[in-house]
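Data block below; observations after.
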Amino acid sequence: MSHPFLAALEGRVQAVPPIWCMRQAGRYQRAYQQFRQQHSFETLCREPELAAQVAMASIDDFDFDAAILFSDLLFPLDALGLPVRYDDGRPVVTRRLTADTIGELRDVDAAAAALAFQSEAVAALRRRLPGEKGLIGFVGAPWTLFVYAVEGTHAGSLVIAKSSRALYRRFAPIVVELLERAIGAQLAAGADLVMVFDTAAGELSPPAFRHLLLPDLRRLADRFPGRLGYYARGLHPAHLEHSMARPSTAWAGLGVDWRWNVPDVLASDADRGFIQGNFDPALLQLTGSDLRQAIDEFLEPFAQLEPEARAGWICGLGHGVLPGTPEESVKTFVQTVRRRLS
């Protein structure tokens with residue numbers, strides 16, 4: 001049985017890359033809007049069978065090569081005792097992490113038990129998925145969870161988070177242990193890969209990223225060698241300087257945003273793990289010939305590479321599908337990639 005997603009994870013040569021997009025299940029979908037007419041966002045996340053149905057809807061509608069757990073990266077904060085409220089699906093952290101409140105966090109055993117609904121959703125999704133489709137779990141990265149815990153958002157200049165390094169160093173061991181438990185549970189439930197999403201990491205300077213964040217990220221990767229991918233919006237090659245590339249660490253690969261030149265990365269580094277991305281999601285707002293031209297321009301450099309050079313590429317967006325994106329544009333993207341590179 002052909003399994004394009006696993007083939008990409010293993011670096012096997014295939015002419016047509018698997019396609020998976022962040023936020024491929026979400027507000028732009030008619031099917032998701034129907035779910036939301038009946039259930040709150042939090043209910044859809046916390047009820048495993050509902051979460052599996054939401055994730056499957058994007059497979060049914062668009063034939064992506066992998067499904068991803070439908071959930072939210074902030075649930076670990078809620079599990080630790082920093083409640084998160086979802087107003088129209090938008091998270092609001094109602095109690096902030098401070099030097100005073102960190103001592104009141106729940107113990108990791110209790111927090112891990114409170115996250116069991118995520119691994120149960122992975123198991124429910126695995127039961128529904130066709131055998132040729134991949135299954136991706138995910139967690140929020142330690143730094144991004146910390147940013148939300150102290151700032152309430154990841155927007156802006158992150159003054160509080162950046163000036164609270166001592167508090168981060170106290171928080172990191174707690175949240176990393178919890179993430180290890182959550183990742184292990186998702187893998188045991190049937191995930192082929194768990195993505196670590198670090199939305200706020202690109203706001204740090206390269207030296208701060210390497211000195212402050214990298215030790216905790218390495219701990220996660222070393223705990224699950226070859227089973228974790230990493231994505232941080234706004235991350236640049238200067239942040240990495242090969243510090244997360246194989247074989248020096250155990251990361252399975254990287255997702256990158258639209259500011260990276262992925263064909264150059266594919267052509268120049270044979271020991272990089274997978275690379276996921278990176279069509280600009282804003283361009284999916286286009287339709288018709290304008291959209292087809294944008295996709296063709298994106299694909300042309302990839303088409304110039306031999307299939308051997310494209311091994312390990314997972315085609316997708318440079319970030320998530322945006323609300324308001326026409327469903328027909330998503331279908332056009334998937335169909336054009338497969339037709340152009342076959």
Side-chain angles (χ1 to χ4, degrees), residues 22-23 25-26 41-42 45-46 51 55 68-86 89-97 102 105-106 108 111-112 114-119 121-122 136-155 158 160-161 164 167-168 171-187 191 193-204 209 212-221 223-224 227-235 239 244 251-252 254-255 257 276 319-320:
M22 288 177 276
R23 296 178 184 166
F41 170 79
E42 190 166 1
C45 292
R46 288 187 177 274
I68 186 167
L69 166 68
F70 183 80
S71 195
D72 186 74
L73 61 82
L74 297 187
F75 282 122
L77 295 184
D78 191 85
L80 284 169
L82 299 173
V84 182
R85 187 180 72 242
Y86 292 89
R90 299 180 183 277
V92 178
V93 182
T94 61
R95 185 182 186 218
R96 301 295 169 78
L97 180 73
I102 192 170
L105 295 179
R106 292 185 187 136
V108 171
L115 290 177
F117 65 93
Q118 291 186 320
S119 58
V122 170
I136 305 167
F138 79 90
V139 295
W143 171 253
T144 289
L145 291 172
F146 175 73
V147 167
Y148 270 100
V150 299
E151 302 253 2
T153 178
H154 69 272
L158 308 186
I160 299 173
S164 302
L167 183 59
Y168 174 73
F171 177 71
I174 300 169
V175 75
V176 168
E177 183 178 353
L178 177 58
L179 294 178
E180 287 180 335
R181 301 275 283 275
I183 291 166
Q186 291 182 31
L187 291 172
L193 175 79
V194 172
M195 289 295 296
V196 178
F197 290 136
D198 212 354
T199 314
E203 296 299 320
L204 289 173
F209 175 87
L212 188 63
L213 275 60
L214 201 55
D216 301 310
L217 295 172
R218 280 177 170 159
R219 173 178 163 181
L220 289 174
R223 176 69 176 79
F224 303 98
R227 304 301 301 277
L228 302 186
Y230 181 77
Y231 172 81
R233 184 174 181 174
L235 204 70
H239 286 92
M244 290 176 68
W251 289 97
L254 292 170
D257 70 19
Q276 189 271 336
H319 199 61

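Hydrogens, waters and symmetry mates are skipped; everything else that's a heavy atom, side chains included, is used.
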Shortest non-hydrogen separation from Arg227 to Ala191 and the atoms involved: NH2-O, 3.1 Å

What pair of heavy atoms forms the shortest contact from Ala172 to Asp216, and how long is it? CB-OD2, 3.6 Å

Would a 4.5 Å heavy-atom cut-off, applied to side chains only, mark Leu145 and Leu80 as touching? no

Leu97 to Leu167 - nearest heavy-atom pair and separation: O-CD2, 4.0 Å

Would you check, one step at a time, whether the test side-chain contact (heavy atoms from CB on, under 4.5 Å) holds for Leu187 with Ile183? CA-CA 6 Å; Leu187 291 172; Ile183 291 166; 3.9 Å; yes

Residues that Arg96 engages under side-chain hydrogen bond (donor to acceptor under 3.5 Å, both in side chains), provided they are two or more places apart: none

Listed partners of Phe75 passing ring-ring contact (aromatic ring centres under 6.0 Å, His included), at least two apart: Tyr86, Phe117

Enter the distance from Leu235:CG to Phe209:CZ here, rounded to the nearest 0.5 Å. 5.0 Å

Can you measure from CD (Gln276) to CD1 (Ile136) and round to the nearest 0.5 angstrom? 7.5 Å

So which heavy atom on Pro142 is nearest to which on Leu220, and how close? CD-CD1, 4.2 Å

With rounding to the nearest 0.5 Å, note down the distance linking CZ in Phe224 to CH2 in Trp251. 11.0 Å

Taking only residues two or more places apart in sequence or in another chain, which ones pass side chain to side chain contact (heavy atoms under 4.5 Å, CB included) with Ala185? Ser119

Arg223: partners by salt bridge (Lys or Arg N to Asp or Glu O under 4.0 Å), with sequence neighbours left out: none

Please identify each residue that fulfils side chain to side chain contact (heavy atoms under 4.5 Å, CB included) with Ala114, with sequence neighbours left out. Ala79

If the condition is side-chain hydrogen bond (donor to acceptor under 3.5 Å, both in side chains), which residues does Glu177 pass it with, not counting sequence neighbours? none

Minimal non-hydrogen separation, Leu69 against Gly137, with atom names: CB-CA, 4.2 Å

Side-chain donor-acceptor distances from residues 194-204 under 3.5 Å, at least two apart:
unit_1: Asp198; atom_1: OD1; unit_2: Thr144; atom_2: N; d: 3.4
unit_1: Asp198; atom_1: OD1; unit_2: Thr144; atom_2: OG1; d: 2.7
unit_1: Asp198; atom_1: OD2; unit_2: Tyr230; atom_2: OH; d: 2.6

Residues forming a side-chain hydrogen bond (donor to acceptor under 3.5 Å, both in side chains) with Arg219, sequence neighbours excluded: Glu180

Could you tell me which residues satisfy side chain to side chain contact (heavy atoms under 4.5 Å, CB included) with Asp78, sequence neighbours excluded, listed by chain and number? Arg46, Pro83, Val84

Would you give the length of the straight line joining atom CZ of Arg85 to atom OG1 of Thr94, rounded to the nearest 0.5 angstrom? 6.5 Å

What is the ring orientation for Phe146 with Phe171, classed by angle as parallel under 30°, tilted 30 to 60°, or perpendicular over 60°? tilted

Between the CG atom in Leu82 and the CG atom in Leu74, the distance rounded to the nearest 0.5 Å is 10.5 Å

Between Leu217 and Ala141, which heavy-atom pair has the shortest distance, and what is it? CD2-CB, 4.4 Å

Just to verify, what does Arg23 make a side chain to side chain contact (heavy atoms under 4.5 Å, CB included) with, not counting sequence neighbours? His319

Using side-chain hydrogen bond (donor to acceptor under 3.5 Å, both in side chains) as the criterion, list what pairs up with Gln186, not counting sequence neighbours. none

